[in-house]
Amino acid sequence: MDVNSINNNISTLNSQPSVELNKTGANNKIEKVDNESLSLSVNQYNQRRDELSLNVQSLNEGIAIGKIAENSLNKQEDFLNDIKKNLESLKSDDTNLQDKNEIKDKINQDLQSFNQLAYETKFANKNILSVDYYDEQKNVEISTSNDNFSIEKPNTPQIANDIFEGLNESNLNLPDDLEKVLDKVETATRQIQTITSEFTDFGNKLESSARGTIQEQQNLYNEAKVNKNRNFGNESSDFNKTNVTANVGYLAASQANIVQEQSVRLLS
């Protein structure tokens, strides 16, 4: 092929700008569609991510409430056990009658501490173990986008008040009266144990739901194109620890298509 032929072919190609323009237009159209699809995918991803983050935050607050309640209930049971020991010691006590009734002062102090603990047990400045007339929330409620969890708020001061009334109406020098007070204490202990079990069950359900939600988060991160090289599982801690809380970051980051880093730790 001679040089003139090559030059003629080049000239022919250069004389077809419309073909090149059409190709560029098609490429731009394809690129625009790809960008729109990617933008929609990122928006959906961010919405789901933020939803899951809020779910974890709510669940962790519920778990925290359960742990706080259990801790205080265990201490209240300790007060009741001390009261029971003091009462049982009177059965074989050979001291004079006045000494037996003096034990009421010690028991009343324990009951006062029992009630004080109930009133001081709070989360976000809201009572957990006591209910008064002005309390608008009679239940502890935790809601997520998928589930609702609820437990009736106990009124443990009433348990102590029942013992107080029975104690101060009794003569501890009389065996029958002493047994009646002991029965009240044992009944109160069973009530506290039942309430503790209910909060434990409440917390277990929340932990189960939180584990599932964290697994959803992990799957979401692993499946998202922008996070293929990340392992979200390493960012969440084990629920076997004592503390639970969620640092969910700022939800506004989703508006800038920023990948939110989430860490989860247990809060007692």
Side-chain angles (χ1 to χ4, degrees), residues 61-140 151-204 242-244 266-268:
E61 288 179 357
I63 295 170
I65 291 172
K67 296 293 184 183
I68 293 170
E70 287 182 58
N71 184 57
S72 292
L73 287 165
N74 288 334
K75 291 179 180 179
Q76 286 183 322
E77 186 175 351
D78 289 340
F79 284 124
L80 294 177
N81 288 334
D82 288 342
I83 292 172
K84 182 179 179 181
K85 288 178 182 178
N86 285 325
L87 291 173
E88 287 181 336
S89 68
L90 297 179
K91 289 183 177 181
S92 57
D93 193 354
D94 295 329
T95 58
N96 59 52
L97 301 183
Q98 183 64 32
D99 288 339
K100 284 191 176 184
N101 278 317
E102 284 179 354
I103 198 65
K104 288 182 179 181
D105 292 336
K106 174 65 173 68
I107 294 176
N108 284 333
Q109 289 177 10
D110 285 339
L111 291 174
Q112 183 178 1
S113 297
F114 180 104
N115 276 354
Q116 182 178 355
L117 180 60
Y119 293 126
E120 291 177 351
T121 302
K122 299 174 180 288
F123 183 87
N125 206 33
K126 294 180 180 179
N127 294 331
I128 300 176
L129 299 181
S130 62
V131 179
D132 57 39
Y133 178 80
Y134 300 100
D135 197 340
E136 297 179 356
Q137 288 189 327
K138 306 301 182 182
N139 296 324
V140 175
I151 182 173
E152 184 178 356
K153 191 184 297 184
N155 191 23
T156 59
Q158 185 58 50
I159 295 175
N161 292 342
D162 289 343
I163 297 174
F164 177 82
E165 291 176 2
L167 175 69
N168 289 283
E169 291 173 358
S170 301
N171 182 351
L172 298 181
N173 298 294
L174 302 176
D176 288 344
D177 283 7
L178 179 59
E179 285 297 332
K180 288 179 181 178
V181 177
L182 269 170
D183 286 343
K184 282 184 173 292
V185 175
E186 290 176 352
T187 298
T189 301
R190 288 193 296 270
Q191 288 177 305
I192 292 296
Q193 290 172 343
T194 299
I195 295 170
T196 303
S197 297
E198 290 172 351
F199 270 102
T200 300
D201 184 60
F202 179 69
N204 289 340
T242 334
N243 299 326
V244 63
L266 294 178
L267 172 94
S268 66

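Predicted, not measured: the structure shown is a model, and the values here were computed from it.
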**OP:** Verify side chain to side chain contact (heavy atoms under 4.5 Å, CB included) between Val140 and Phe202, making sure each step is shown before the conclusion.
**Re:** CA-CA 10 Å; Val140 175; Phe202 179 69; 4.2 Å; yes
**OP:** Evaluate the criterion side chain to side chain contact (heavy atoms under 4.5 Å, CB included) for residue pair Leu172 and Leu167; output intermediate values, then yes/no.
**Re:** CA-CA 8 Å; Leu172 298 181; Leu167 175 69; 4.0 Å; yes
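Of all heavy-atom pairs between Ile128 and Ala69, the closest is CG2-CB, 3.8 Å. Listed here is the closest heavy atom pair of Ile63 and Gly203: CG1-O, 4.3 Å. When all heavy atoms are compared, the tightest approach of Glu88 to Leu182 is CG-CD2, 3.8 Å. Considering every non-hydrogen atom in both Phe123 and Ala64, the closest pair reads CE1-CB, 3.8 Å. Between Gly166 and Val181 the shortest heavy-atom distance is O-CG2, 3.9 Å.
Applying the side chain to side chain donor-acceptor pair (under 3.5 Å) test to Thr200 and every residue at least two apart in sequence or in another chain returns Glu70. Evaluation of the side chain to side chain donor-acceptor pair (under 3.5 Å) rule for Lys106 yields Asp110 as partners, not counting sequence neighbours. Taking Lys126 as the reference, Gln137 meet the side-chain contact (heavy atoms from CB on, under 4.5 Å) condition, with sequence neighbours excluded. For Asn155, the side chain to side chain donor-acceptor pair (under 3.5 Å) criterion is met by no residue, not counting sequence neighbours.
Atom CG of Asn173 and atom CG of Leu178 lie 9.0 Å apart (nearest 0.5 Å). To the nearest 0.5 Å, atoms CD (Gln76) and CD (Gln193) are separated by 12.5 Å.
Contacts classified as salt bridge (Lys or Arg N to Asp or Glu O under 4.0 Å) and involving residues 154-177 (residues at least two apart or in different chains) are not found. For residues 111-124, the set of pairs meeting the side chain to side chain donor-acceptor pair (under 3.5 Å) definition, not counting sequence neighbours, comprises Ser72-Thr121, Asn115-Asn161, Gln116-Glu120, Lys122-Asn127.
Residue-environment remark: NZ (Lys104) exceeds the threshold of 12 foreign heavy atoms within 6.0 Å. Other residues, nucleotides and ligands contribute at most 12 non-hydrogen atoms within 6.0 Å of the NZ atom of Lys180.
Residues Glu152 and Glu198 fail the side-chain proximity criterion, which asks for heavy atoms closer than 4.5 Å. Proximity of Glu186 to Lys84: side-chain heavy atoms (C-beta onward) are separated by under 4.5 Å at one or more points. A heavy-atom distance below 4.5 Å is not found between the side chains of Phe114 and Pro157. Looking only at side-chain heavy atoms (C-beta outward), Asn139 and Lys153 stay at 4.5 Å or farther from each other. At a threshold of 4.5 Å between non-hydrogen side-chain atoms, the residues Ile192 and Asn74 do not count as touching. Between Thr156 and Leu73 there is a side-chain heavy-atom pair separated by less than 4.5 Å.
Side-chain contact check for Thr196 and Glu77: no donor-acceptor pair (N or O, by modelled atom type) lies under 3.5 Å.
Only one option out of Ile83, Val185, Ile159 pairs with Leu111 in a side chain to side chain contact (heavy atoms under 4.5 Å, CB included); it is Ile83.
With Asp201 contributing its side chain and Ser197 its backbone, the two residues share no donor-acceptor pair below 3.5 Å.
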